[in-house]
Amino acid sequence: MNDIPKPLLATVNQAELTDFVARYDQPSFRTKQLLDWVFHKRILVPSQMKNIPLVLRNALEENFCCCSSEVETIDCAGDATEKLLINLRDSNSIEMVIISSPERKTFCLSTQVGCPVQCYFCASGADGLIRNLNAGEMVEQLYHGSERIDALPDNIVFMGIGEGLLNFNNLATAIGIMCDHERLNISPRRITVSTSGYVPGIAKLAQLNLPLNLAVSLHAPNDTIRAKLIPEKMSYPIAEIIEACNAYRANTGRMVTFEYTLIAGINDMVPAAEELAAIARQNRVKVNLIPYNPVSGTEFKRPELSALKNFEAVLLNRGVQTTMRLEKGSSVNAACGQLRASGKK
Ligand code: SAH
Ligand code: SF4
């Protein structure tokens, strides 16, 4: 018995396939055919690779873990959102979400099982970090979603379960596979990394020298309000976060977005909106307002529609580029980590 885990097929690169094809005395054009099956047709099942000889298909099964995860349930939120609960090979589970609009399809991907940041309002962090996802498990989420829509997504956001910047190397490898011209060939401009504000990670992301979008979950215009939402031992002062965002914009040329999850009585007041508007304008960031989806076991509540609208109006009146998605399907485990949490009960 060989206990060494096999590499995941979704992470293989051209050089490794060239080597693999040569080891089985196959002509070199097989490399291109295999790249075509795995990354362009997005087929991870060797028996479906019709023009590949049996010996090589069997060799793929022997040498690689062809797909390490599978979709357990699909939860439709009633609007244009589908949430896939995905089982991993160690029987942990994660989620990926497909968000459809007439213009585009966006995939929301997870980066960890659980989350070490443990924001008080978030279902993903309830049990802390279980483990990091490897790069192949992140890419496989994209495959499961693509099978559902029969295409690659228009946009990818790493806003599912986990703090991706605390699993930096695996996240960077997954993004590398997605952006590689020989493999999935997705533009980094269509990929967004969301972080709770892990400052050293923002600096490392800038060093990748890719025009990736950065979204920072600020949720508060000052450190006093922020401490009610994010445990202080896992958070950085807002001033340092802003400095890191400005450096990110300077290095990559990409504008940064602040995500702001609006929670009743905590961060949805007009003075907070005014303070946020001043910061956003001064630092030229966009703001994405997210009405809170209540999580069972927490006291946090979603603001009334009028409070959401008032908050948005303050930002818009002060010239801040602002978006707010008033999604309809909030009853169906629509927020990050909630489907996995409900499956564990
Ligand atoms: N850990 C990263 C990315 C995953 S969370 C981060 O925090 O940015 C992605 C976004 O979902 C964050 O902005 C977070 O605030 C938001 N979120 C988490 N739980 C939510 C909930 N119950 N309702 C609304 N937004 C939520
Ligand atoms: Fe982790 Fe993000 Fe949830 Fe906070 S909001 S616990 S950082 S997944």
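One-based numbering, in listed order, for ligands and for the atoms of each. Computation of the quantities below employed the complete heavy-atom set of this structure, encompassing side-chain atoms and omitting hydrogens, waters and symmetry-equivalent molecules.
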- Task: Test Glu140 against Arg89 for salt bridge (charged side-chain N to carboxylate O under 4.0 Å, His left out), laying out the working first.
- Result: CA-CA 12 Å; Glu140 284 182 11; Arg89 61 178 158 181; over 6 Å; no
- Worked check of side-chain contact (heavy atoms from CB on, under 4.5 Å) between Ile191 and Leu210: CA-CA 10 Å; Ile191 299 179; Leu210 289 172; over 6 Å; no
- Task: For side-chain contact (heavy atoms from CB on, under 4.5 Å), just list the numbers for Asp268 and Leu308, CA-CA rounded to whole Å, side-chain angles, deciding distance to a tenth of an Å, and then say yes or no.
- Result: CA-CA 7 Å; Asp268 66 336; Leu308 298 173; over 6 Å; no
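Counting heavy atoms only, Ser217 comes closest to atom 7 (O) of ligand 1 of the residues Gly197, Pro291, Ser217, Pro294. Evaluated by nearest non-hydrogen atom to atom 22 (N) of ligand 1, the leading choice among Leu218, Asn293, Thr111, Ile230 is Asn293. Of the candidates Val216, Val117, Leu166, Thr261, it is Thr261 that places a heavy atom closest to atom 25 (N) of ligand 1. Closest heavy-atom approach to atom 3 (Fe) of ligand 2 among the candidates Ser124, Ser217, Gly197, Cys122: Cys122.
Annotation for ligand 1: atoms under 4.0 Å from non-hydrogen atoms of Glu163 are 1 (N), 2 (C). Near Val117, meaning under 4.0 Å from one of its heavy atoms, ligand 2 places the atoms 7 (S). Near Ser196, with a cut-off below 4.0 Å to any heavy atom, the atoms of ligand 2 are 7 (S). For ligand 1 and Glu259, the ligand atoms under 4.0 Å from any heavy atom of the residue are 10 (C), 13 (O). Atoms of ligand 1 found under 4.0 Å from any heavy atom of Thr195 (numbered from 1 in listed order, with element): 6 (C), 8 (O). Listed by number with element, the atoms of ligand 1 under 4.0 angstrom from any heavy atom of Ile290 are 13 (O), 24 (C), 25 (N). Below 4.0 Å from some heavy atom of Val295 lie the following atoms of ligand 1, by number and element: 22 (N). Taking every non-hydrogen atom of Ser196 and a distance limit under 4.0 Å, the qualifying atoms of ligand 1 come out as 6 (C), 7 (O), 8 (O). Below 4.0 Å from some heavy atom of Gly162 lie the following atoms of ligand 2, by number and element: 8 (S).
Taking a 6.0 Å sphere around CD of Glu299, one finds it holds 12 or fewer heavy atoms contributed by other residues, nucleotides or ligands. Shown here is Lys301, whose NZ atom has no more than 12 heavy atoms of other residues, nucleotides or ligands within 6.0 Å. Within a 6.0 Å radius of CZ in Arg190, no more than 12 heavy atoms belonging to other residues, nucleotides or ligands are found.
When only modelled atom types and interatomic distance are considered, Glu163 and Thr195 share a side-chain donor-acceptor pair under 3.5 Å. Side-chain contact of Glu259 with Ser194: a donor-acceptor pair under 3.5 Å is present, judged by distance alone. Side chains of Thr322 and Glu312: no donor on one and acceptor on the other come within 3.5 Å.
Heavy atoms of Gly164 come nearer than 4.0 angstrom to ligand 1 in no pair at all. In this structure, Gly160 counts as a contact residue of ligand 1, since one of its heavy atoms falls inside 4.0 Å of the ligand.
At least one N/O/S atom of Cys115, whether from backbone or side chain, sits less than 2.8 Å from atom 1 (Fe) of ligand 2. Atom 4 (Fe) of ligand 2 has an N, O or S atom of Cys119 under 2.8 Å away, backbone or side chain.
Residue His219 places at least one N or O, backbone or side chain, under 3.5 Å from an N or O of ligand 1. The N/O atoms of Gly162, backbone and side chain alike, include one that comes under 3.5 Å of an N/O atom in ligand 1.
Cluster membership check: Val314 does not share its hydrophobic cluster with Leu262, using side-chain heavy-atom separations under 4.5 Å among Ile, Leu, Val, Met, Phe, Trp and Tyr.
Aromatic rings of Phe20 and Phe64 (six-membered ring for Trp) have centroids within the 6.0 Å cut-off, being under it.
Between the CG atom of Leu184 and the OG atom of Ser146 there is a distance of 8.0 Å, given to the nearest 0.5 Å.
Of all the heavy atoms of Ile161, none lies under 4.0 Å from any atom of ligand 1, so neither backbone nor side chain is involved.
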